[in-house]
Amino acid sequence: MPTTLTLKNIPDEIYVRLKTAAALHRRSLNSEAIVCLETVLAPGSVPPDERLARARALRAGLKRGAFDSNELDAMKRQGRA
């Protein structure tokens with residue numbers, strides 16, 4: 001059964017960051033706080049099939065031909081001695 005937790009004396013900067021993240025993710029402050037806590041306190045490994053599905057979804061969102069392999073290689077080497 002879910003438990004209620006009240007937080008007091010949250011620093012203004014943390015509150016603003018939480019509120020901004022909640023708006024960005026279209027969540028309530030409560031939901032965003034729960035996600036943040038879960039991420040830190042209960043990090044679970046993502047199953048390989050789910051990780052692969054996420055990667056494929058990201059790749060599908062890219063325009064074809066948007067990246068040249070030579071440009072990618074140059075970007076990888078950028079900043080390396």
Side-chain angles (χ1 to χ4, degrees):
M1 178 173 197
T3 302
T4 300
L5 172 69
T6 301
L7 301 174
K8 297 179 181 182
N9 302 319
I10 299 171
D12 291 339
E13 181 183 340
I14 299 298
Y15 176 78
V16 169
R17 290 176 65 185
L18 184 65
K19 189 173 180 179
T20 301
L24 180 68
H25 298 127
R26 296 181 180 179
R27 295 183 182 124
S28 67
L29 278 172
N30 186 77
S31 293
E32 189 66 26
I34 291 171
V35 169
C36 290
L37 289 169
E38 286 174 339
T39 301
V40 173
L41 300 175
S45 62
V46 178
D49 55 335
E50 185 179 336
R51 186 180 303 271
L52 185 58
R54 289 179 187 178
R56 286 182 175 150
L58 287 171
R59 182 180 291 164
L62 298 174
K63 292 188 286 185
R64 289 213 178 260
F67 299 100
D68 175 38
S69 62
N70 293 328
E71 287 180 55
L72 289 173
D73 287 339
M75 285 188 267
K76 288 177 191 175
R77 286 189 212 96
Q78 190 175 27
R80 295 181 185 176

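Along the sequence shown, the residues carry numbers beginning at 1.
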Identify whether L5 and I14 are in the same connected component of the hydrophobic contact network (ILVMFWY, side-chain heavy atoms under 4.5 Å).
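In one cluster with L5: I14, yes.
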Tell me whether L62 shares a hydrophobic cluster with L72, the cluster being built from Ile, Leu, Val, Met, Phe, Trp, Tyr side chains joined at under 4.5 Å.
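Looking at the clustering, L72 is in the same group as L62.
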Enclosure of D12 CG (heavy-atom neighbours >12, cutoff 6.0 Å):
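Counting other residues, nucleotides and ligands, CG of D12 stays at 12 neighbours or fewer.
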Counting only pairs under 3.5 Å, give me each side-chain donor-acceptor contact of residues 15-31, with atom names and distances, residues two or more places apart or in other chains.
from : atom 1 : to  : atom 2 : distance (Å)
T20  : OG1    : V16 : O      : 2.8
H25  : ND1    : A21 : O      : 2.9
H25  : ND1    : E32 : OE1    : 3.3
H25  : ND1    : E32 : OE2    : 3.2
R27  : NH1    : E32 : OE1    : 2.8
S28  : OG     : S31 : N      : 3.0
S28  : OG     : S31 : OG     : 3.1

What is the distance from atom NZ of K76 to atom CG of D73, rounded to the nearest 0.5 Å?
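Taking NZ in K76 and CG in D73, the distance rounds to 5.0 Å.
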